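Read through the structure below, which is laid out as structure tokens, and then see the notes.
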Amino acid sequence: MTSAAYIGRERVEALPLANRGLHYGDGLFETLRVHRGEVPLWPRHLARLRDGSARLDIPLPDLHFVQARIAELIAGIDAGVLKLLLTRGEGGRGYAPLVDAPPTWMLALHPLPATPAALRLQPCTIRLAIQPALAGIKHCNRLEQVLARAEVERAGCDEGLLCDTDGRPVCATAANLLVFDGQGWRTPAVDRCGVAGVLRGWLLEQGLLEEAALSMEDVASAEALALCNAVRGILPVAMLGARRWRAHPATTELQARLAMAYPMFSVPGQ
């Protein structure tokens, strides 16, 4: 991993121990796919970062400076994953944020993870709390996902299906849920909890996906399931508990439509 940390425009060796992101999860992050020295989905990530910073009242650093540092870090990188972490900065003990504290931010470059052909999905017992004030954005409070991911690892699966506290399916631990009902692709709303994924947003804008109220029965009876995120693209689900799915042409078509717009998500053999 290659990384760099900054307070405003000043580079620092590490995030200070008084950082509010460390103490309270008081921050935001974006996880971006690097492709041939560029970040093709950067405008969508930036839009979500702007939304999150406005809703949490965390000032953004100089974005021209940030983009220049990103370009330096990923120059010559054919494929990878870039994480951008933004926190409110340093603060004293207690929850109350300091006024006008300079934002602290960090870039970290990671290898691109392997992508399985199809996913084994574990139904998770941990539930997502309903909190509209935080819904949609990628804030740094991720203990629900940490606990869910531990369930996934214990089960020997690839990902986990998360429901909210009302029992409604919402998403995976690190991806949005896509459900094909024979007529079209549906995805749960993320206005009460969950993350508004950038690929999810693209699919909605293209008319390839619709928001819908879904139940676990809808998920179990679907003709096809898939997950999507900005690192791995669209991945078919082969198993959820005792339910099994074969490869479905609707998933192949959706993957192909995405690859036409973003070749980095091309699926070998298609």
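The chain is numbered in sequence order, starting from 1. For clarity, every value in this text was computed on a predicted model and none was experimentally measured.
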For [X], enumerate each residue passing the side chain to side chain donor-acceptor pair (under 3.5 Å) test, keeping only those at least two apart in sequence or located in another chain.
X: Glu72; result: Arg69
X: Glu205; result: Arg44
X: Glu159; result: Thr173

State, to 0.1 Å, how close [X] and [Y] come at their nearest heavy-atom pair, and which atoms those are.
X: Val237; Y: Trp245; value: O-CB, 3.6 Å
X: Ile126; Y: Leu147; value: CD1-CD1, 4.0 Å
X: Ala175; Y: Leu227; value: CB-CB, 3.9 Å
X: Leu240; Y: Gln122; value: CD1-C, 4.4 Å
X: Leu15; Y: Ala5; value: CD2-CB, 4.0 Å
X: Leu203; Y: Cys228; value: CD1-SG, 4.2 Å

For the pair [X] (side chain) and [Y] (backbone), establish whether a donor and an acceptor sit closer than 3.5 Å, ignoring hydrogens and angles.
X: Glu211; Y: Pro188; result: no
X: Arg9; Y: Asp62; result: no
X: Arg243; Y: Ala222; result: yes
X: Arg127; Y: Cys124; result: yes
X: Gln131; Y: Ala133; result: yes
X: Asp218; Y: Ser215; result: yes
X: Asp164; Y: Leu128; result: no
X: Glu210; Y: Trp185; result: no
X: Arg244; Y: Gly241; result: yes
X: Arg88; Y: Asp57; result: yes

*Parallel, tilted or perpendicular for Trp105 and Tyr6, by the 30°/60° rule?*
parallel

[X] vs [Y] side-chain heavy atoms within contact, under 4.5 Å:
X: Pro40; Y: Met264; value: yes
X: Leu56; Y: Ile137; value: yes
X: Ile74; Y: Val39; value: yes
X: Thr2; Y: Leu107; value: no
X: Lys138; Y: Leu28; value: no
X: Leu49; Y: Leu60; value: yes
X: Arg200; Y: Val190; value: yes
X: Leu214; Y: Arg168; value: no

What is the distance from atom [atom1] of [X] to atom [atom2] of [Y], rounded to the nearest 0.5 Å?
X: Ile234; Y: Asn229; atom1: CD1; atom2: CG; answer: 10.5 Å
X: Ser3; Y: Leu82; atom1: OG; atom2: CG; answer: 11.0 Å
X: Leu199; Y: Leu41; atom1: CG; atom2: CG; answer: 5.5 Å
X: Cys140; Y: Leu86; atom1: SG; atom2: CG; answer: 8.0 Å
X: His139; Y: Thr87; atom1: NE2; atom2: OG1; answer: 15.5 Å
X: Leu119; Y: Leu235; atom1: CG; atom2: CG; answer: 5.0 Å

_Salt-bridge contact Arg186-Asp181 (side-chain N to carboxylate O under 4.0 Å)_ = yes

*Do NZ/NE/NH1/NH2 and the carboxylate oxygens of Lys83 and Glu30 come within less than 4.0 Å?*
no

Are [X] and [Y] connected in the hydrophobic side-chain network, where two residues link if heavy atoms are under 4.5 Å apart?
X: Val81; Y: Ile77; answer: no
X: Tyr262; Y: Leu209; answer: yes
X: Val12; Y: Leu109; answer: no
X: Val198; Y: Val231; answer: no
X: Val195; Y: Leu204; answer: no

*Could you walk me through whether Cys157 and Glu151 pass side chain to side chain contact (heavy atoms under 4.5 Å, CB included), step by step?*
CA-CA 9 Å; Cys157 289; Glu151 287 190 57; over 6 Å; no

*Answer with yes or no whether the side chains of Asn176 and Thr187 bring together a donor and an acceptor at under 3.5 Å.*
no

*asked:* If you count every heavy atom of other residues, nucleotides or ligands that lies below 6.0 Å from Glu38 atom CD, does the total exceed 12?
replied: no

